[in-house]
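Only a predicted model underlies this, so the values are computations on that prediction, with no experimental measurement involved. All ligand and atom numbering here is 1-based and tracks the order in the structure.
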Amino acid sequence: MKSLMKLFASLLLFVFFSLLFGDIDVVESSNQNLRFSGRNKLFVFGDSYVDTGNTKTTDKGAWAFPYGITYPGKPSGRFSDGHISTDFLAKLLRIKLPVTYSKKDDVDKTRLQYGMSFAYGGTGVFDTQVNYPNMTGQINLFEQLLGNVYSPSDLSSSVALVSVAGNDYLYFLSTRPLIAILPFIKQVVNQIEVNLRRIHSLGIKKIAVPSLQPLGYIPHFAKGSPFIKDAVNFLVGHHNDLLHEVVAKLNNETNHSAFTIIEYNNAFLTVINNKGY
Ligand SMILES: *[C@@H]1O[C@H](CO)[C@@H](O)[C@H](O)[C@H]1NC(C)=O
Ligand SMILES: *[C@@H]1O[C@H](CO)[C@@H](O)[C@H](O)[C@H]1NC(C)=O
Ligand SMILES: *[C@@H]1O[C@H](CO)[C@@H](O)[C@H](O)[C@H]1NC(C)=O
């Protein structure tokens, strides 16, 4: 498991390096300013794939064993035994981990300079079963801080990480059959487009969006017939096709490649195929 995570982590790092910062050679040059093109804040929106601890500690969930046992050594509010994308991206930007929205009033004000995470585990672009803000609500929280905590020039040197890892679909499928999902995929991607457009118009000029990982391999689907696994992965492919179209459209409109897809789907498939599943 550990080597699997390591492989995944290095894949992810590679993808971040090459897509967000351009030429790898530039990244490895000794010039610190060139390296990260002055991007020194990270704002995070989305779900458990990027949430570093916004959910209430009383909710247990990510605040209970065995979460966090590899990193940081105890449950920390991450829905993982170790690091998650937010940790990797902050490390890459050479900044401290952005503070979580829920802790923003408890930390030293200097900590706010690295950005903030508004991501809550279990959420989607639409409402899911959890009692935390959907992505629209998360962007509202961000917007309320603009002008007082963060200035326009802060935002122009920032990166946003926007994760939609499938809670909308899992929630949808908890009450409806797989066959009903096709039109819903379009709605989800349309809502992602609305959210991306809004984050960009609020002033963040570099926005990274993971593609959807092959959900067919999660135990809930993989334990059934192979047909279910394949059907779910096919639908994930459809989601990702639509996502690529949206990002191409947004990049064309904004004309400076503001939006980048991080290929989680390929990274997961590489790991899974190497393991022979
Ligand atoms: C987001 O959450 C709010 C509050 O629950 C709700 O009114 C709104 O319709 C939701 N937005 C979307 C796009 O589902
Ligand atoms: C980009 O946008 C222009 C109009 O703004 C349009 O004419 C052109 O076809 C678009 N290109 C692509 C690849 O979508
Ligand atoms: C496109 O780029 C030009 C030059 O960089 C800039 O002046 C213009 O505002 C940009 N358009 C949009 C829609 O961002």
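Protein residues are said to neighbour a ligand when one of their heavy atoms lies under 4.0 Å from it; for ligand 1 these are Val125, Phe126, Asp127, Asn134, Thr136, Gln191.
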Side chains of residues 99-107: which donor-acceptor partners sit under 3.5 Å, not counting sequence neighbours?
from	atom 1	to	atom 2	distance (Å)
Ser102	OG	Asn54	OD1	3.1

Tabulate below the donor-acceptor pairs under 3.5 Å that side-chain atoms of residues 173-183 make, not counting sequence neighbours, or state none.
from	atom 1	to	atom 2	distance (Å)
Ser174	OG	Tyr171	O	2.5
Thr175	OG1	Phe172	O	3.4

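We find that Glu253 and Lys249 are not joined by a salt bridge, their nearest charged nitrogen and carboxylate oxygen being 4.0 Å or further apart.
Ser153 is linked by a side chain to side chain donor-acceptor pair (under 3.5 Å) to Ser151, counting only residues two or more places apart in sequence or in another chain.
Under 3.5 Å, the side chains of Gln144 and Asn140 contain no donor-acceptor pair of N or O atoms.
Ring pair Tyr217/Phe268: centre-to-centre distance not below 6.0 Å.
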